[in-house]
> 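Quick one: structure below, then a few questions.
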Amino acid sequence: MKSIRNSAVRFFLFVGVAIFIVTFAMISVEARKHHNSRNKPHKHLKGKGSNGHNAPDPAENIPAPAPAPLPYHGSYPARSIIFDVLSFGAKGDGVSDDSKALLAAWKAACKVSGAVVEIPAKFEFLIKPITLQGPCMPHLVLEIDGILLAPPQAGAWPKSGLFQWLNFKWVHDFTIQGTGKLDGQGSAWWGPSGVYYIQKRFKHNPDMKPTALRFYDSHNVTVRDIKIMNSPQCHLKFDSSSGIKVNNITINSPESSPNTDGIHLQNTKDVEIQHSNIGCGDDCVSIQTGCSNIHVHHISCGPGHGISLGGLGKDKSAACVSDIVVEKISLQNTLSGVRIKTWQGGVGSVKNVTFSNIEVSDVKYPVIIDQFYCDKKICKNQTDAVAISGVKYDRIIGSYSVQPLHLACSNDVPCTDVDLIDIQLKPSSDGFRGFRQALCWNSYGKSQAPLLPSSIDYCLRSESESVKRIARSHAEHSCPS
């Protein structure tokens with residue numbers, strides 16, 4: 001009897017172990033199947049005629065089931081629908097014109113909330129001047145992981161494309177991101193041959209050259225992580241826009257490349273530019289008229305002309321700039337450090353500006369206000385000027401190669417309420433041949449130690465009520481309070 005009981009126990013133990021093994025194996029198989037399905041290459045949505053396939057034209061009103069959301073494959077949100085330019089006929093060989101494929105992918109993605117237009121890695125796409133236009137559905141992303149190339153020769157650009165290369169118009173809630181780069185291939189525009197071509201073709205505007213990446217009338221836009229290089233002129237421009245965020249981008253062109261501003265703002269408000277490296281042939285960041293509530297911080301600048309407000313007031317125009325904060329900036333071997341430049345004869349105001357925690361290394365002019373700005377050999381003297389007030393310089397330290405501080409304010413409209421706090425600037429070499437004295441012309445405010453050179457301490461004049469009235473009258477004439 002005991003033997004029978006032992007046999008029964010052994011039988012049930014055997015059956016239990018077998019059931020456990022089978023169950024575990026089934027779970028493992030299902031887990032592997034799920035893992036493999038998540039890691040299969042995703043199928044891209046295709047446009048009409050792409051890669052030889054007869055895919056439906058997304059513009060046609062043909063009833064079709066909604067596409068299934070694709071898995072997460074990058075920094076864009078999960079469940080995003082991906083529109084790969086290769087699926088719309090792009091070759092990605094760097095020679096074929098892939099402009100139409102990019103435009104087709106954009107138009108298809110524009111209709112889908114949270115869509116991603118993908119420029120895949122390991123490909124080069126030649127793109128001619130193009131406008132990618134909204135309004136689109138919210139949260140559209142342009143993921144640039146490959147390389148976008150502009151036409152390499154100035155003569156290959158159509159007349160209509162001489163203002164910009166990639167033009168984004170009327171886009172809202174939009175992001176450009178990725179590990180790739182945009183190459184403007186601008187060297188043909190910088191030399192004598194490019195200048196001759198422009199002057200011959202466009203006699204009315206001989207200075208016309210394309211901006212690499214431009215946003216017009218666009219809002220809640222983010223540009224991050226990408227690299228922009230060798231633009232014919234300005235690299236990244238925002239015009240008549242708001243809610244702009246620029247983060248962790250790299251801009252690079254030679255010091256000798258003319259007028260190649262890094263980031264250019266005009267008629268734009270509510271902007272944050274941060275944690276980026278910019279080297280170019282002009283201003284690393286240029287803030288023009290119509291800009292307010294701008295925050296620029298943690299920027300490495302050089303080569304270039306520094307961080308500039310202006311030039312403002314050209315051709316007797318009105319300029320209004322306010323509420324600007326520039327802080328935690330590093331500048332190396334630049335023409336200027338932090339600069340405000342205005343043309344004679346302009347009107348309007350620059351007010352409520354702070355430059356703080358600025359480190360300069362071998363910068364020619366670390367601190368500049370220049371109200372006699374002129375880009376010609378001779379400019380006519382004029383009495384009107386953009387009124388400058390409420391400008392604070394706080395903790396500007398490092399070395400200079402020409403002059404530590406140069407505040408040249410208008411003869412007729414003084415600069416008022418200027419603060420110089422903790423300015424410590426030394427000549428950049430023992431063989432220094434520049435100016436050791438700070439210059440303050442018709443500029444009023446106060447200074448606070450430590451100050452080096454010591455001439456900064458007695459550079460500014462003490463303000464009077466009459467001086468303030470003159471400045472206010474010019475500012476209130478053209479700019480809203």
Side-chain angles (χ1 to χ4, degrees), residues 42 44-45 47 70 72-77 80-110 112 114-134 136 139-151 164-169 171 173-186 210-215 218 220-231 234-238 244-253 262-263 273 275-278:
H42 51 272
H44 299 292
L45 300 181
L70 294 168
Y72 177 78
H73 278 277
S75 55
Y76 38 82
S80 294
I81 299 175
I82 300 172
F83 295 80
D84 188 326
V85 293
L86 292 173
S87 298
F88 287 81
K91 302 299 182 184
D93 57 12
V95 178
S96 304
D97 181 4
D98 289 328
S99 309
K100 290 182 179 179
L102 174 57
L103 184 59
W106 173 270
K107 288 182 176 180
C110 185
V112 180
V116 176
V117 178
E118 186 169 36
I119 310 297
K122 301 180 181 180
F123 293 92
E124 296 184 353
F125 301 90
L126 177 64
I127 304 295
K128 291 185 177 180
I130 190 172
T131 294
L132 301 176
Q133 184 171 307
C136 295
H139 311 304
L140 178 62
V141 174
L142 175 59
E143 179 81 16
I144 302 176
D145 294 322
I147 298 174
L148 298 181
L149 299 173
Q164 59 271 320
W165 173 31
L166 303 178
N167 185 35
F168 293 86
K169 187 176 181 181
V171 294
D173 300 312
F174 173 63
T175 298
I176 294 181
Q177 64 185 26
T179 59
K181 66 182 178 181
L182 294 79
D183 188 348
Q185 303 200 91
T211 289
L213 182 58
R214 180 199 184 218
F215 288 87
S218 297
N220 299 327
V221 171
T222 298
V223 179
R224 62 188 179 211
D225 304 331
I226 62 170
K227 181 176 183 179
I228 310 172
M229 59 188 294
N230 298 328
S231 177
C234 176
H235 287 79
L236 175 59
K237 178 185 289 186
F238 295 93
I244 306 301
K245 294 184 180 298
V246 178
N247 185 19
N248 192 39
I249 71 167
T250 299
I251 291 175
N252 185 28
S253 66
I263 300 174
I273 301 170
H275 292 95
S276 295
N277 297 302
I278 302 174

> How many angstroms lie between atom CG of Asn220 and atom NE2 of His139, to the nearest 0.5 angstrom?
10.0 Å

> As a quick check of understanding, evaluate side chain to side chain contact (heavy atoms under 4.5 Å, CB included) for Leu103 and Leu132, giving each step before the final call.
CA-CA 7 Å; Leu103 184 59; Leu132 301 176; 3.9 Å; yes

> Less than 4.5 Å apart, any side-chain heavy atom of Ile144 and any of Leu182?
yes

> Do Ser276 and Ile251 come within less than 4.5 Å of each other through their side chains, counting heavy atoms only?
no

> Between Pro210 and Ser231, which heavy-atom pair has the shortest distance, and what is it?
O-OG, 3.7 Å

> Looking only at the aromatic ring of each residue, does the gap between the centers of Phe168 and Trp106 stay below 6.0 angstrom?
yes

> Within this structure, what is the CD1-NZ distance for the pair Ile147 and Lys227, rounded to the nearest 0.5 Å?
9.5 Å

> Is there a side-chain contact between Val85 and Pro120 (heavy atoms, below 4.5 Å)?
yes

> Kindly compute the distance separating CD1 (Ile228) from NZ (Lys181), expressed to the nearest 0.5 Å.
12.5 Å

> So, Asn248 side chain and Arg224 main chain: donor-acceptor pair closer than 3.5 Å or not?
no

> Considering all heavy atoms of both residues, which atom of Ser253 and which atom of His235 are nearest to each other, and what is their separation?
OG-CE1, 3.3 Å

> For Gln133 and Cys136, work out which heavy atoms get closest and say how close.
O-SG, 3.9 Å

> Taking all non-hydrogen atoms of both residues into account, name the closest pair between Ala101 and Ala90 and its distance.
CB-N, 3.4 Å

> Shortest non-hydrogen contact from Leu149 to Trp165?
C-CZ2, 3.3 Å

> Can you tell if the side chain of Ile244 reaches within under 4.5 Å of the side chain of Phe215, non-hydrogen atoms only?
no

> Would you say Leu236 and Ile249 make side-chain contact, with heavy atoms under 4.5 Å?
yes

> So, the side chain of Asn230 versus the backbone of Asp183: is there a donor-acceptor pair under 3.5 Å, distance only?
no

> Rounded to the nearest 0.5 Å, what separates atom NZ in Lys128 from atom NZ in Lys100?
9.5 Å

> How long is the gap from CG on Asp145 to CD on Glu118, to the nearest 0.5 Å?
6.5 Å

> Decide yes or no on side chain to side chain contact (heavy atoms under 4.5 Å, CB included) for Ile119 and Leu102, but give the supporting numbers first.
CA-CA 9 Å; Ile119 310 297; Leu102 174 57; 4.0 Å; yes

> If we check side-chain contact (heavy atoms from CB on, under 4.5 Å) with Val141, which of these qualifies: Ile82, Thr222, Thr175, Asp173?
Thr175

> Do you know the tightest heavy-atom contact between Ala150 and Gly184?
CB-O, 3.5 Å

> Hey, does Leu166 have a side-chain heavy atom less than 4.5 Å from the side chain of Ile130?
yes

> Answer yes or no: is there a donor N or O on one side and an acceptor on the other, between the side chain of Ser99 and the main chain of Ile127, under 3.5 Å?
no

> Check whether any side-chain N or O of Gln164 sits under 3.5 Å from a backbone N or O of Thr211 as a donor-acceptor pair, and report yes or no.
no

> Return the CD1 to CD1 distance between Ile278 and Ile263, rounded to the nearest 0.5 Å.
4.0 Å

